[in-house]
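Numbers for residues simply follow the sequence, beginning at 1. Here the structure is a predicted model, which means the values were calculated and not measured. Worth knowing before you read on, the calculation uses all heavy atoms, side chains too, and leaves out hydrogens, waters and symmetry mates. Note that ligands are numbered from 1 as they come in the structure, with each ligand's atoms numbered from 1 the same way.
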Amino acid sequence: MLSARTAVRSLKEYHPPLSGRTGLRLDFNENTQGASPRVLSRLRELTLEELARYPEREPVERRVAGYLGARPGETLLTNGVDEAIHLLCQTFLEAGDEAIVVVPTFAMYELLAASAGARVIAVPAARNFEFPTEEVVARITDRTRLIAVANPNNPTGTLAAREDLVRVARAAPQAAVFVDEAYFEFCGESMLSEVRELPNLFVARTFSKAYGLAGLRIGVLVGCERQMQMVRKVASPYNVNAVALACLPAAMDDQPYVNGYVAEVLRERLRLQRALDAWAIRYWPSRANFVLAHFGERGPLLVKALGRRGILVRDRSSDPGCAGCVRITVGNERQMDELLMALPETLHEIGIRKKVG
Ligand SMILES: Cc1ncc(COP(=O)(O)O)c(C=O)c1O
């Protein structure tokens, strides 16, 4: 009888709650208002001829490389950051190798590393979800072949310092050190400039978040040329579809739109954090387009009560160290008005009373 590989049989299934997402989408850290209108114009101009041809990735890849200040040989467009993680696992992990992740974090690292047969070493974040540099370094062994770090991290919004990531990369020259900058635009700090110094460092960016193209599936992986040659070998030549390749330049051309959206989200992030302060609700100051807040045992109730009002937020209670935590994506001003108007009666309904004074 046909049987899946042992590593696959023992994998946990990952089913993000995608169905029935109508209303205000503050649950997946997406762009909440949509991409630049130029993307829609480009979509409307698409021809059947463009869809009939296999997609050619290289011209857009060169453009993205130039935008990132990288060489084309250092740059690979991917089917979202998810594919970048998959490709790194396929390129560098043998069964029995070790992959280090700092938890809580984005679930795909563990899932894809385990599916390649690696043993996942989960290192808990330090106090206040800070990056536990010394603990990570202490867990590096000869078998460590992947260290994956979301920076800023999801779901905590915390940022690891450049020196700490450099220290980890230098301590594990035999491992691919993957820095996932999916939320870069909301934070502005990057490890890209270290890629030429550190031949085991890989940096990923996505167009799913600030750029509003999550549905098109396009991201980019950057690493030293020699290693990227290996990664390219395991990628399909058609990994990024023609629609995404046609639309990305239109999105990139409209930097004022992206910058305007990011600036608005940053203002609204501050407003949300202030509102949480006023309610004496604990949260972790975020460097991304979401805020993780602690509602204790009422967390799941809050998610349901906001859901009844058409506002979707994400219960993170089952993430390591996140009992009672809810992650709220930050949207534009109008959307956050809607949330902040609904919050008082929702908190009241679940039994959280406003702090006096
Ligand atoms: C840290 C992190 N990396 C990657 C992704 C997924 O990116 P993409 O849509 O490019 O696959 C997410 C999405 O939530 C994320 O939080």
Side-chain angles (χ1 to χ4, degrees), residues 14-18 21 25-32 34-35 57 60-61 64 68 75-89 99 101-113 125 129 131 146-160 165 176-187 189-191 202-222 235 239-241 243-245 247-248 251-252 258 265 284 286-292 312-316 319-320 322 325 327-331:
Y14 177 49
H15 288 300
L18 279 167
R21 293 179 67 223
R25 295 177 286 105
L26 305 181
D27 52 347
F28 272 74
N29 303 342
E30 297 150 322
N31 177 316
T32 53
R57 196 179 61 213
V60 183
E61 200 158 79
V64 173
L68 297 175
T75 310
L76 176 70
L77 286 181
T78 59
N79 197 273
V81 171
D82 284 355
E83 191 201 12
I85 305 162
H86 196 191
L87 294 175
L88 287 178
C89 291
V101 296
V102 173
V103 292
T105 195
F106 183 50
M108 293 305 283
Y109 310 143
E110 176 166 355
L111 194 140
L112 292 170
F129 293 128
F131 187 72
L146 175 70
I147 302 174
V149 181
N151 210 39
N153 188 29
N154 172 15
T156 59
T158 48
L159 188 79
L165 295 173
V177 174
F178 174 63
V179 178
D180 177 349
E181 298 184 350
Y183 301 99
F184 161 76
E185 289 80 4
F186 303 101
C187 142
E189 290 193 34
S190 177
M191 292 293 286
F202 297 85
V203 175
R205 297 267 181 89
T206 186
F207 297 95
S208 294
K209 306 293 179 183
Y211 282 80
L213 301 178
L216 287 183
R217 313 301 304 129
I218 187 159
V220 57
L221 181 67
V222 180
N239 62 338
V240 181
N241 71 76
V243 180
L245 291 172
C247 292
L248 182 60
M252 290 176 69
V258 177
V265 166
W284 288 267
S286 169
R287 300 295 304 268
N289 65 337
F290 53 83
V291 176
L292 187 73
L312 311 177
V313 295
R314 191 87 173 261
D315 182 6
R316 302 291 352 173
D319 287 32
C322 293
C325 289
R327 193 190 64 198
I328 305 171
T329 301
V330 180

Shortest protein heavy-atom distance from [atom], along with the residue and atom involved:
atom: atom 9 (O) of ligand 1; result: Ser208 OG, 2.6 Å
atom: atom 10 (O) of ligand 1; result: Thr206 OG1, 2.5 Å
atom: atom 5 (C) of ligand 1; result: Phe106 CZ, 3.4 Å

Do Arg327 and Asn154 pass the side chain to side chain donor-acceptor pair (under 3.5 Å) test, and can you show the C-alpha distance, the side-chain angles, and the key distance before you say yes or no? CA-CA 9 Å; Arg327 193 190 64 198; Asn154 172 15; 2.8 Å; yes
Taking atom 7 (O) of ligand 1 as the point of reference, which of Val220, Asn79, Asn29, Val81 owns the nearest heavy atom?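 Of the listed residues, Val81 has the closest heavy atom.
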From atom 3 (N) of ligand 1, work out which of Asp180, Asn151, Asn154, Thr78 has a heavy atom at the shortest distance. Asp180
Ligand-side contact atoms (ligand 1) for residue partner [X], heavy atom cut-off under 4.0 Å:
X: Ala150; value: 1 (C)
X: Tyr109; value: 1 (C)
X: Tyr183; value: 1 (C), 13 (C), 14 (O), 15 (C), 16 (O)
X: Asp82; value: 6 (C), 11 (O)

Looking at side-chain heavy atoms only, is the closest gap between [X] and [Y] below 4.5 Å?
X: Thr78; Y: His86; answer: no
X: Phe129; Y: Cys322; answer: yes
X: Thr329; Y: Glu30; answer: no

[X] contact mode with ligand 1 (heavy-atom cut-off under 4.0 Å):
X: Arg217; value: side chain
X: Phe207; value: neither
X: Lys209; value: side chain
X: Phe290; value: neither

Using the rule ring pair (Phe, Tyr, Trp, His ring centres under 6.0 Å), only one of Phe28, Trp284, Tyr183 pairs with Phe290; which is it? Tyr183
When you measure from the heavy atoms of Gly80 to every atom of ligand 1, does any distance fall below 4.0 Å?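 So Gly80 counts as touching ligand 1.
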Treating [X] as the side-chain partner and [Y] as the backbone partner, does any N or O pair qualify as donor plus acceptor under 3.5 Å?
X: Asn151; Y: Ala160; value: yes
X: Glu110; Y: Val101; value: no
X: Asn31; Y: Leu213; value: no

Exactly one of Ile328, Asn289, Val330 should register a side chain to side chain contact (heavy atoms under 4.5 Å, CB included) with Asn29. Which one does?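 The residue from Ile328, Asn289, Val330 that satisfies side chain to side chain contact (heavy atoms under 4.5 Å, CB included) with Asn29 turns out to be Asn289.
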